[in-house]
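In this text, all values refer to a predicted model and were calculated from it rather than measured experimentally. Lettering follows sequence order; numbering is per chain, from 1.
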Protein chains: 2
Amino acid sequence: MDTTQRTDQQRSADRRRRELLEAADRVVLRDGPGASMNAIAAEAGITKPILYRHFGDKGGLYAALAKRHTDALLEALRAALDAPAERRERVESTLDTYLAAIEARPQVYRFLMHPAEGGQPGDPGFDVGKYSAPVLRRMGEELAEVIEERVDLGPGSQQLARVWGHGIVGMMHAAGDWWLGERPCSRAELVRSLADLLWGRLAAAGDRVGGPGF
Amino acid sequence: MDTTQRTDQQRSADRRRRELLEAADRVVLRDGPGASMNAIAAEAGITKPILYRHFGDKGGLYAALAKRHTDALLEALRAALDAPAERRERVESTLDTYLAAIEARPQVYRFLMHPAEGGQPGDPGFDVGKYSAPVLRRMGEELAEVIEERVDLGPGSQQLARVWGHGIVGMMHAAGDWWLGERPCSRAELVRSLADLLWGRLAAAGDRVGGPGF
DNA sequence: ACACTCCAGTTACCGCAAGTAACAGCTTAG
DNA sequence: CTAAGCTGTTACTTGCGGTAACTGGAGTGT
């Protein structure tokens with residue numbers, strides 16, 4: 001008896017929560033990450049305290065929002081990562097998936113990674129520093145697991161895989177961030193360049209001779 | 001006439017500026033990056049408006065502070081990068097320099113990269129998103145220059161070097177960040193692992209057979 | 001039918017930090 | 001002696017995050 005009631009209530013609460021998140025999403029994507037709680041509440045057609053009842057504080061709202069997008073991204077990445085293909089191909093397709101995602105929805109990306117970018121001066125925006133790191137961490141751990149699971153690294157493989165997981169994710173992230181800002185080349189070229197880096201082309205390349213200053 | 005006067009004034013203004021930056025540094029390192037302008041002013045023995053006269057706004061103060069540390073770090077990295085040694089050795093020593101720096105002064109590091117970490121909830125902290133990216137960008141560009149200058153990459157070398165510069169910096173940064181948080185291994189091991197990654201060990205490793213689920 | 005309890009929702013407020021205006025003293029030039 | 005031009009102050013505004021306390025309506029027990 002109470003259970004069904006509670007379920008009903010919880011259902012409606014969950015629906016509400018989803019609506020609120022979607023409203024927040026819209027506002028954040030429109031106004032940039034500096035969107036105020038008031039603005040988000042207004043977009044949802046309600047007022048601040050309700051947001052606080054649902055999400056505790058601004059961090060909670062942000063975390064929920066970030067989780068949505070992060071989960072979606074991670075799912076896409078997992079698909080590319082787990083494909084039954086040669087390793088280089090998997091690596092390239094994972095890189096490409098990530099870059100395609102940030103290319104397709106740069107607003108979302110900037111919100112997740114560089115939250116305080118669109119606001120007016122003095123606009124603190126979300127305390128995203130606390131949440132953007134977890135996004136990258138999750139990706140790094142995930143990648144580490146896949147590496148450890150599928151690549152034979154000999155002794156100490158677990159630690160090595162984790163280092164590599166986080167390192168590769170960071171490489172992808174930083175290169176993608178730079179690329180998104182400057183667009184110096186096509187996505188495919190970027191993917192190839194990064195894969196080449198991971199494939200040891202740096203080690204294989206020769207020293208340059210007769211450079212300037214020598 | 002006016003010039004000498006101006007020079008004098010500018011000199012004293014510069015000294016003042018440096019004092020203020022040092023005070024800000026102390027406060028930020030003590031109270032975390034959520035330090036308020038009031039607190040910084042108090043530490044410097046003055047009041048807010050003076051800070052604003054010198055730095056315009058909080059972002060200006062932060063930028064100046066970040067520049068100090070970034071310049072110092074970049075100088076150290078340049079030394080390692082320009083050393084007359086084998087490439088692998090240079091890479092390892094650069095990685096180690098960076099990691100040693102963030103290990104020695106994690107507060108500074110966290111301030112530069114994850115500013116909103118130490119504050120109370122609701123404490124907006126510096127809008128560091130706007131400044132931490134430039135730090136990494138500068139490192140990436142710098143590294144790209146060195147790569148382009150010293151490594152023979154064939155056609156398209158300039159773009160490739162830039163991709164790699166930003167990618168490697170991102171790898172270093174993300175791995176360092178994770179490592180600083182969890183300390184899963186010694187610095188030397190981390191350096192070795194990352195260098196191994198850059199040296200193509202990922203490509204060279206064999207597929208793992210008989211993993212779980214297969 | 002009536003009181004009682006929930007609960008979404010509201011208004012009105014607090015605290016606090018960024019940033020600014022207006023004023024006060026000191027030093028120096030004319 | 002006065003007029004700039006400093007550095008420094010106090011006291012304020014604005015705007016955000018967050019909360020307390022009230023309001024109105026939907027279901028429920030008697």
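Heavy-atom nearest nucleotides on DNA chain C were determined for B:G56 and for A:R53, and the one closer to the 5' end corresponds to A:R53. The residue among B:R16 and B:K48 whose nearest nucleotide of DNA chain D is located toward the 5' end is B:R16.
When each of C:dA17, C:dT10, D:dT9 is scored by its nearest atom to the side-chain atoms of B:K58, the top-ranked nucleotide is C:dA17.
The interatomic distance linking B:I50 (CD1) with C:dG19 (P) rounds to 16 Å, in whole Å. The distance between atom CG of B:N38 and atom P of D:dA11, rounded to the nearest whole Å, is 14 Å. Rounded to whole Å, the distance from OH on B:Y52 to C1' on D:dC12 is 14 Å. Counting to the nearest Å, the C1' atom of D:dG18 and the CG atom of A:D57 are 9 Å from each other. In this structure, B:M37 places its CE atom 13 Å from P of C:dA17, rounding to the nearest Å. Between the CD1 atom of A:I46 and the C1' atom of C:dA8 there is a distance of 10 Å, rounded to whole Å. The nearest whole Å value for the distance from the OH atom in B:Y62 to the P atom in C:dA17 is 20 Å. The distance from atom NE2 of B:H54 to atom C1' of D:dC6 is 11 Å, rounded to the nearest whole Å.
Here B:S36 lies in heavy-atom contact (under 4.0 Å) with sugar-phosphate atoms only.
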Report task. Let me see the working for B:H69 and B:D25 under side chain to side chain donor-acceptor pair (under 3.5 Å), right down to the final yes or no. Result -> CA-CA 10 Å; B:H69 290 117; B:D25 225 352; 3.2 Å; yes
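Between B:W178 and A:H166, the two ring planes are parallel [angle under 30°; tilted spans 30° to 60°].
A salt bridge is absent between B:E145 and B:R162: the closest approach of a Lys/Arg side-chain nitrogen to an acidic carboxylate oxygen does not fall below 4.0 angstrom.
In this structure, the ring of A:F111 has its center less than 6.0 angstrom from the ring center of A:Y62.
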